[in-house]
Amino acid sequence: MLQEGIDYYINEDGNFVFTEAYHLKRGYCCKNKCKHCPWGYGKVKLAGNNTESGDNDK
(Lines give C-alpha, C1' and ligand atoms only; values in the text may rest on other atoms or scores of the structure.)
Protein backbone atom coordinates (compact mmCIF):
# COMPACT_ATOMS: atom_id res chain seq x y z
CA MET A 1 0.00 0.00 0.00
CA LEU A 2 1.29 3.45 -0.88
CA GLN A 3 2.00 5.89 1.93
CA GLU A 4 1.50 9.62 1.44
CA GLY A 5 4.67 11.55 2.20
CA ILE A 6 6.87 8.51 1.60
CA ASP A 7 5.82 7.07 -1.76
CA TYR A 8 4.02 10.12 -3.12
CA TYR A 9 2.77 13.60 -2.35
CA ILE A 10 -0.02 15.69 -3.83
CA ASN A 11 1.20 18.87 -5.50
CA GLU A 12 -0.54 22.26 -5.59
CA ASP A 13 -2.46 21.23 -8.73
CA GLY A 14 -3.87 18.15 -6.99
CA ASN A 15 -1.70 15.67 -8.88
CA PHE A 16 -0.02 12.66 -7.31
CA VAL A 17 3.78 12.92 -7.59
CA PHE A 18 5.79 9.77 -6.94
CA THR A 19 8.93 10.17 -4.84
CA GLU A 20 12.40 8.79 -5.51
CA ALA A 21 11.77 6.24 -2.74
CA TYR A 22 8.71 4.92 -4.60
CA HIS A 23 10.62 4.61 -7.87
CA LEU A 24 13.43 2.71 -6.14
CA LYS A 25 10.89 0.33 -4.55
CA ARG A 26 9.35 -0.25 -7.99
CA GLY A 27 12.81 -1.10 -9.27
CA TYR A 28 12.80 0.12 -12.87
CA CYS A 29 12.51 3.25 -14.98
CA CYS A 30 9.20 3.76 -16.82
CA LYS A 31 10.81 6.36 -19.16
CA ASN A 32 8.04 8.91 -18.53
CA LYS A 33 10.48 11.63 -17.38
CA CYS A 34 9.23 11.51 -13.80
CA LYS A 35 10.15 14.47 -11.62
CA HIS A 36 11.98 12.36 -9.01
CA CYS A 37 13.47 9.67 -11.29
CA PRO A 38 16.48 8.15 -9.51
CA TRP A 39 17.86 6.99 -12.86
CA GLY A 40 17.90 10.53 -14.29
CA TYR A 41 15.79 9.70 -17.34
CA GLY A 42 14.82 12.90 -19.17
CA LYS A 43 17.10 15.14 -17.11
CA VAL A 44 18.98 17.83 -19.01
CA LYS A 45 22.67 17.03 -19.18
CA LEU A 46 24.95 20.02 -18.66
CA ALA A 47 27.77 20.41 -21.14
CA GLY A 48 30.34 21.15 -18.43
CA ASN A 49 33.31 23.34 -19.24
CA ASN A 50 32.87 24.39 -22.84
CA THR A 51 36.11 26.06 -23.90
CA GLU A 52 34.99 26.51 -27.52
CA SER A 53 32.34 29.13 -26.61
CA GLY A 54 34.92 31.74 -25.72
CA ASP A 55 33.41 32.26 -22.27
CA ASN A 56 36.54 30.98 -20.57
CA ASP A 57 38.93 33.35 -22.40
CA LYS A 58 38.69 36.13 -19.75
Shortest non-hydrogen contact from [X] toward [Y]:
{"X": "Ile6", "Y": "Ala21", "answer": "O-CB, 3.8 Å"}
{"X": "Cys34", "Y": "Lys43", "answer": "O-NZ, 3.9 Å"}
{"X": "Val17", "Y": "Asn11", "answer": "CG2-ND2, 3.9 Å"}
{"X": "Gly42", "Y": "Lys33", "answer": "CA-CG, 3.9 Å"}

Checklist entry - Is the count of non-hydrogen atoms from other residues, nucleotides or ligands lying under 6.0 Å from Lys35 atom NZ greater than 12? => result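 Atom NZ in Lys35 is not crowded, with 12 or fewer foreign heavy atoms closer than 6.0 Å.
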Next on the checklist: Between Tyr41 and Asn32, is there a side-chain heavy-atom distance shorter than 4.5 Å?
Outcome noted: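 Of all side-chain heavy-atom pairs linking Tyr41 with Asn32, none is under 4.5 Å.
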So, taking the atom named [atom1] in [X] and the one named [atom2] in [Y], what distance separates them when rounded to the nearest 0.5 Å?
{"X": "Phe16", "Y": "Asp7", "atom1": "CZ", "atom2": "CG", "result": "11.5 Å"}
{"X": "Gln3", "Y": "Thr19", "atom1": "CD", "atom2": "OG1", "result": "10.5 Å"}
{"X": "Cys37", "Y": "Glu20", "atom1": "SG", "atom2": "CD", "result": "8.5 Å"}

Checklist entry - If you draw the axis of the six-membered ring of Tyr28, does the NZ or CZ of Arg26 fall within 45° of it and under 6.0 Å from the ring centre? => result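 Because its charged atom sits under 6.0 Å from the ring centre and within 45° of the axis, Arg26 does stack over Tyr28.
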Item to check | Shared hydrophobic cluster, Ile10 / Tyr22 (ILVMFWY, side-chain heavy atoms < 4.5 Å) | outcome: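 Yes, Ile10 connects to Tyr22 through the hydrophobic network.
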Checklist entry - Would you say the side-chain atoms of His36 and Tyr8 include a donor-acceptor pair closer than 3.5 Å? => result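 Absent: no donor and acceptor within the cut-off.
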